[in-house]
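Here is the naming used below: chain letters follow the sequence lines, and residue numbers restart at 1 for every chain.
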Amino acid sequence: MRALGQSLLHKPVVPSFSARVIQWFSRYGRRDLPWQVADPYAVWVSEIMLQQTQVAKVLDYYARFMARFPTLAALAQAREDEVLALWSGLGYYNRARHLHRAAGLCLSRHGGQLPHTLEALLALPGIGRSTAGAILSLTGQSAQPILDGNVKRLFARHFLIEGDTNRSAVQKRLWALAEKHLPETGFAHYNQALMDLGANVCRRSGPRCDECPVSDTCQALQHKRVAELPQRRQKTGSPRVSMPLAVLIHDHQSIPAVFLCQRSSHGIWPGLWFVPVFESASQLDDWWKATGLPQGHAGEPITHVLTHRQLVLKPRVLRCATRPALNDQADAIRGRWVNVAELTQYAHPRALQKLLQQVGLRSDPNQARLGRS
DNA sequence: AATGCGGGGCT
DNA sequence: AGCCCAGCATT
């Protein structure tokens with residue numbers, strides 16, 4: 001067009017992150033929801049309800065709730081029973097109790113309305129930083145960032161934030177991003193759009209990157225790592241269990257054999273054969289002494305992950321040229337020597353294989369062939 | 001049937 | 001900083 005414009009804009013410029021988000025909202029965002037109003041009370045109620053339920057279900061409950069408690073004062077004056085009754089079916093009833101309690105506090109502390117500062121909102125039960133930010137920003141009161149689960153996912157992907165998103169260090173980075181990209185104007189639409197994008201476009205599984213207004217700058221998409229973000233903490237618990245083991249091997253007549261015993265029908269690897277397992281290192285020591293075996297040596301611990309626990313296999317290893325004499329103490333655990341070539345018939349395999357590899361025995365289940373590594 | 005989820009409260 | 005909540009969605 002104009003000469004000036006052409007000279008300055010000879011390269012296409014990518015609009016800012018927030019500009020693209022807002023642009024998307026103006027085209028595709030829902031703007032007809034009943035809580036999309038300037039009333040902080042209405043936004044508050046909806047935000048609490050939406051924390052736990054999908055929009056479709058909230059619509060129904062929200063309408064009934066607001067019909068009965070159209071104002072904060074009406075809610076504050078109600079009995080908790082009645083609030084809970086209207087909440088019935090939404091679940092997470094503590095949130096209804098908090099809502100009710102907070103309404104009472106607004107009456108006594110804030111002249112019957114929700115406070116207008118982040119600090120005062122955060123002091124109310126059931127309102128955390130994200131909900132407080134939503135109340136202030138969606139009503140246009142002040143520019144505050146939000147960070148709900150959907151936005152966390154979007155940010156973690158777009159800005160390639162690695163690490164468990166619930167860890168405080170990661171949360172910090174995400175909040176910093178939320179602050180950094182919050183626009184000075186249009187923040188209400190921007191925040192609303194972020195939540196909608198996170199929920200419906202940047203979905204946990206099956207994200208619709210082709211519909212995303214910021215896919216051009218999405219680092220996870222560029223690196224093909226959308227599916228693996230956000231990272232969650234590794235599954236809870238799976239306690240580490242120490243498993244002292246006696247690994248006895250002999251190479252008599254060049255056919256290696258391992259001392260195995262059958263596991264009970266309960267617990268780990270029921271009925272399968274494995275090297276002798278002991279409750280504790282001292283029990284292993286006692287048994288070892290009682291059998292009259294030579295010292296042996298401690299092998300490297302091996303971690304073996306099961307569904308519900310991590311086994312730390314702690315082998316004590318003895319490898320001899322000939323079959324060592326085991327006195328009747330060995331019988332107490334009903335063990336027997338098994339040629340390595342026959343292991344596959346007994347086999348619980350992966351853990352055993354790892355162990356045997358570690359002491360220099362290689363067992364190949366397909367070839368049933370073994371040798372020194 | 002089992003697992004994952006997520007904002008906020010609580011310790 | 002980390003655990004718990006409690007019920008639905010997802011796998």
Please report the distance, rounded to the nearest Å, between [atom1] in [X] and [atom2] in [N].
X: A:Arg95; N: C:dG7; atom1: CZ; atom2: C1'; answer: 11 Å
X: A:Arg167; N: C:dC3; atom1: CZ; atom2: C1'; answer: 16 Å
X: A:Arg203; N: B:dC5; atom1: CZ; atom2: C1'; answer: 16 Å
X: A:Ile48; N: B:dG9; atom1: CD1; atom2: P; answer: 9 Å
X: A:Trp175; N: B:dG6; atom1: CH2; atom2: P; answer: 15 Å
X: A:Gln51; N: C:dC8; atom1: CD; atom2: P; answer: 16 Å
X: A:Met49; N: C:dC8; atom1: CE; atom2: P; answer: 15 Å
X: A:Lys57; N: C:dA6; atom1: NZ; atom2: P; answer: 16 Å

Looking at [options], which one has an atom nearest to any side-chain atom of [X]?
X: A:Ser205; options: B:dG9, C:dA9, C:dT11; value: C:dT11
X: A:Ser130; options: B:dG8, B:dG4, B:dG6; value: B:dG8
X: A:Tyr92; options: C:dA6, B:dG8, B:dC5; value: C:dA6
X: A:Pro125; options: B:dG9, B:dG6, C:dT10; value: B:dG9

Item checked: Listed once per pair and sorted, the ring-ring contact (aromatic ring centres under 6.0 Å, His included) pairs that draw on residues 177-204 of chain A, sequence neighbours left out ->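 The answer is A:Phe17-A:His181, A:Phe25-A:His189, A:Phe159-A:His181.
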
Across the strands shown, which category fits [X] at heavy-atom distances under 4.0 angstrom: base, sugar-phosphate, nothing?
X: A:Asn166; answer: nothing
X: A:Thr131; answer: sugar-phosphate
X: A:Arg97; answer: nothing
X: A:Leu124; answer: sugar-phosphate
X: A:Ile127; answer: sugar-phosphate

Margin query: Classify the ring geometry of A:Phe65 against A:Phe69: parallel below 30°, tilted from 30° to 60°, perpendicular beyond 60°.
Written below: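 Perpendicular.
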
Checklist line | Whichever of A:Asn94 and A:Gln54 has its nearest DNA chain C nucleotide further upstream toward 5' | finding: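 Nearest nucleotide further toward 5': that of A:Asn94.
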
Note to self: I want to confirm an ordering. Mapping A:Ala169 and A:Leu90 to their closest nucleotides on DNA chain C, which one lands closer to the 5' end?
What the structure shows: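 Looking at DNA chain C, the more 5' nearest nucleotide goes with A:Ala169.
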
Note to self: Regarding A:Arg129 and A:Glu179, does a basic nitrogen lie under 4.0 Å from an acidic carboxylate oxygen?
What the structure shows: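 Between A:Glu179 and A:Arg129 there is a salt bridge, with a charged N closer than 4.0 Å to a carboxylate O.
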
Margin query: Quick test of your reading of the model: are A:Glu228 and A:Arg225 salt-bridged, counting only N-O distances below 4.0 Å?
Written below: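 Salt bridge present between A:Glu228 and A:Arg225.
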
Check: Does a side-chain heavy-atom distance below 4.5 Å link A:Leu260 with A:Val275?
Finding: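 A side-chain contact under 4.5 Å exists here.
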
Check: Closer than 4.0 Å, any side-chain N/O of A:Arg204 to the OP1 or OP2 of B:dG6?
Finding: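 Checking A:Arg204 against B:dG6: no side-chain N or O falls below 4.0 Å of OP1 or OP2.
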
